[in-house]
Amino acid sequence: MLRTLSAARTLGPGEYNAALDLCATDPLANVFVAARLIEGGPTFTGSLLGVEASHQLRSLCWISANVVPVAADDEALDAYAARLRRKRRRCSSIFGDSEQVLGLWSRLERHWGDARSVRPDQPMMAVSTAPLLNDRPIDTRVRPARPDEVDIVLPASARMFTEEIGYPPYLGSDRDYRRMVAALIRAGHTFVIVEDGRVIFKADIGSLASGVAQIQGVWVAPDRRGQGIAVPAMNAVVQQVIDTIAPTVTLYVNAYNEPALRTYYAAGFRQVSRFATVIL
């Protein structure tokens with residue numbers, strides 16, 4: 001069969017706008033890659049592979065700490081796998097649209113070895129209606145974390161990561177992880193409830209682009225779970241994000257996490273697509 005797509009190649013600064021335009025064809029699903037491009041500017045395209053058809057960019061694949069395919073059909077996945085299988089990149093996960101992620105992993109697994117975990121069914125959810133318009137309860141204690149609160153946000157972030165991924169976010173020095181947590185706080189992208197000098201609820205905006213804010217790192221302190229905190233706290237996060245940052249809020253969650261799904265549905269989120277994550 002005649003190939004219609006080019007071989008995968010590393011994109012250059014001159015293709016920055018084309019890459020952003022391709023992400024914008026599905027801003028909810030592609031917010032992670034779009035946000036990384038916006039944060040890094042045109043020189044960041046070196047972290048992207050792309051394939052073309054008729055001299056037009058048709059698909060992308062972000063390749064850094066994470067591998068994230070964008071608009072990748074079977075031919076594009078073949079092209080990316082041909083580049084990636086030759087060496088095991090230092091990446092922690094493959095995530096994004098479920099069909100694309102699982103298709104890419106099926107092509108890489110025998111070359112890269114076993115994954116720590118494959119999570120094939122992660123509802124990707126979105127909300128664009130502010131909770132106050134629907135009289136949903138809001139916890140007025142939720143607020144952006146302050147720069148001087150890094151020391152109390154850091155352990156909450158690390159515990160959330162460990163619970164979700166299965167291993168801690170750092171070994172030995174916390175310097176790099178602390179820098180990441182501090183950057184989110186400085187940007188106004190970490191929301192907290194602080195009680196008696198400790199964080200009992202936390203949520204971050206992990207990616208922001210094209211009018212979409214993707215929430216990650218949602219966490220309630222273990223001793224405060226089951227007390228009705230999560231729903232009004234998430235409503236407060238959604239309200240503040242829609243009011244001041246972006247008109248659409250998204251997140252994705254494991255389908256087996258029924259308490260989290262109930263929380264997000266109660267906070268107005270509805271499933272719009274399906275993600276998958278391969279943890280390496």
Side-chain angles (χ1 to χ4, degrees), residues 119 122-166 168-169 177-178 180-182 184-208 212-272 275:
R119 301 175 180 185
Q122 297 177 308
M124 202 275 277
M125 311 177 79
V127 60
S128 299
T129 304
L132 288 177
L133 294 178
N134 290 332
D135 295 322
R136 293 199 298 269
I138 285 181
D139 193 323
T140 57
R141 298 174 298 170
V142 174
R143 59 171 174 79
R146 300 191 307 264
D148 63 353
E149 292 178 315
V150 173
D151 286 336
I152 63 172
V153 174
L154 182 66
S157 296
R159 289 168 191 158
M160 180 286 307
F161 185 98
T162 303
E163 288 178 19
E164 173 65 20
I165 304 301
Y177 191 69
R178 181 186 180 88
M180 183 198 72
V181 170
L184 287 172
I185 293 174
R186 284 195 306 272
H189 288 179
T190 294
F191 299 87
V192 294
I193 298 174
V194 177
E195 188 178 87
D196 298 326
R198 70 177 181 126
V199 172
I200 65 165
F201 168 84
K202 180 194 73 70
D204 305 311
I205 298 174
S207 299
L208 176 64
V212 178
Q214 186 174 80
I215 301 297
Q216 65 179 31
V218 179
W219 182 82
V220 176
D223 64 323
R224 300 306 305 276
R225 294 172 189 171
Q227 298 178 21
I229 290 174
V231 173
M234 281 304 301
N235 281 334
V237 171
V238 170
Q239 185 72 49
Q240 292 181 44
V241 172
I242 289 176
D243 282 348
T244 64
I245 297 174
T248 299
V249 185
T250 68
L251 52 78
Y252 59 99
V253 59
N254 293 311
Y256 58 75
N257 191 344
E258 294 183 3
L261 281 170
R262 287 196 297 269
T263 293
Y264 300 141
Y265 277 118
F269 287 87
R270 295 295 180 264
Q271 184 172 352
V272 294
F275 270 28

Completion exercise
Interatomic distance, CD@Gln216 vs CG@Leu184, rounded to 0.5 Å, equals 6.5 Å

Practice task
Could you tell me the separation between the CE atom of Met160 and the CH2 atom of Trp219, rounded to the nearest 0.5 Å?
Solution key: 10.0 Å

Handout entry: Exercise: identify the closest heavy-atom pair between Ile138 and Ala236
Key = CG2-CB, 3.7 Å

Exercise for the section: For residues Arg146 and Val192, determine if any side-chain heavy atom of one lies less than 4.5 Å from a side-chain heavy atom of the other. Expected result: no

Exercise for the section: State, with a plain yes or no, whether a side-chain heavy atom of Val241 is found less than 4.5 Å away from one of Phe191. Expected result: yes

Handout entry: Rounded distance (nearest 0.5 Å) linking atom CD1 of Ile205 with atom OG1 of Thr190
Key = 8.5 Å

Exercise for the section: List the atom of Thr250, the atom of Met124, and the distance in Å for their closest heavy-atom pair. Expected result: CB-SD, 4.0 Å

Practice task
Decide yes or no for Arg119 and Phe275: does some side-chain heavy atom of the first lie under 4.5 Å from some side-chain heavy atom of the second?
Solution key: no

Problem - Closest non-hydrogen atom pair, Asn254 against Pro123 - result: C-CD, 4.2 Å

Problem - Test side chain to side chain contact (heavy atoms under 4.5 Å, CB included) applied to Thr263 and Asn257, Val220, Val231, the passing residue - result: Val231

Handout entry: 4.5 Å side-chain heavy-atom contact, Gln214 and Tyr252
Key = yes

Exercise for the section: Please confirm whether the backbone N or O of Tyr265 pairs with a side-chain atom of Arg270, one donor and one acceptor, at under 3.5 Å? Expected result: yes

Completion exercise
Between Pro131 and Asn235 the two heavy atoms that sit nearest each other are CG-O, 3.3 Å

Problem - Closest non-hydrogen atom pair between Ala158 and Tyr177, with its separation - result: N-OH, 3.7 Å

Practice task
Determine, for Arg225 against Glu163, whether the closest basic-nitrogen to carboxylate-oxygen distance falls under 4.0 angstrom.
Solution key: yes

Practice task
Please check if the side chain of Asp204 supplies one atom and the backbone of Gly206 the other of a donor-acceptor pair under 3.5 Å.
Solution key: no

Handout entry: Side-chain ion pair, Asp196 and Arg198, N-O less than 4.0 Å
Key = no

Practice task
State the OG1-CD1 distance between Thr140 and Ile193, to the nearest 0.5 angstrom.
Solution key: 9.0 Å

Practice task
Let me know which of Val142, Leu251, Asp139 forms a side chain to side chain contact (heavy atoms under 4.5 Å, CB included) with Met234.
Solution key: Leu251

Exercise for the section: Would you indicate whether the side-chain heavy atoms of Val194 and Arg141 approach each other to under 4.5 Å? Expected result: no

Problem - Side chain proximity check, Ile229 to Glu195, heavy atoms < 4.5 angstrom - result: no

Problem - Side-chain heavy-atom pair Tyr264, Val218 within 4.5 angstrom cut-off - result: yes

Exercise for the section: Could you tell me whether a side-chain N or O of Arg136 sits under 3.5 Å from a main-chain N or O of Ala267, the two making a donor and an acceptor? Expected result: yes

Exercise for the section: With rounding to the nearest 0.5 Å, note down the distance linking OG1 in Thr162 to CZ in Arg159. Expected result: 9.5 Å

Problem - Backbone N/O of Gly217 and side chain of Lys202: donor-acceptor pair under 3.5 Å - result: yes

Exercise for the section: Would you give the length of the straight line joining atom CD1 of Ile245 to atom NE2 of His189, rounded to the nearest 0.5 angstrom? Expected result: 4.5 Å

Handout entry: Atom of Val199, atom of Ile152 and distance for their closest heavy-atom approach
Key = CG2-O, 3.5 Å

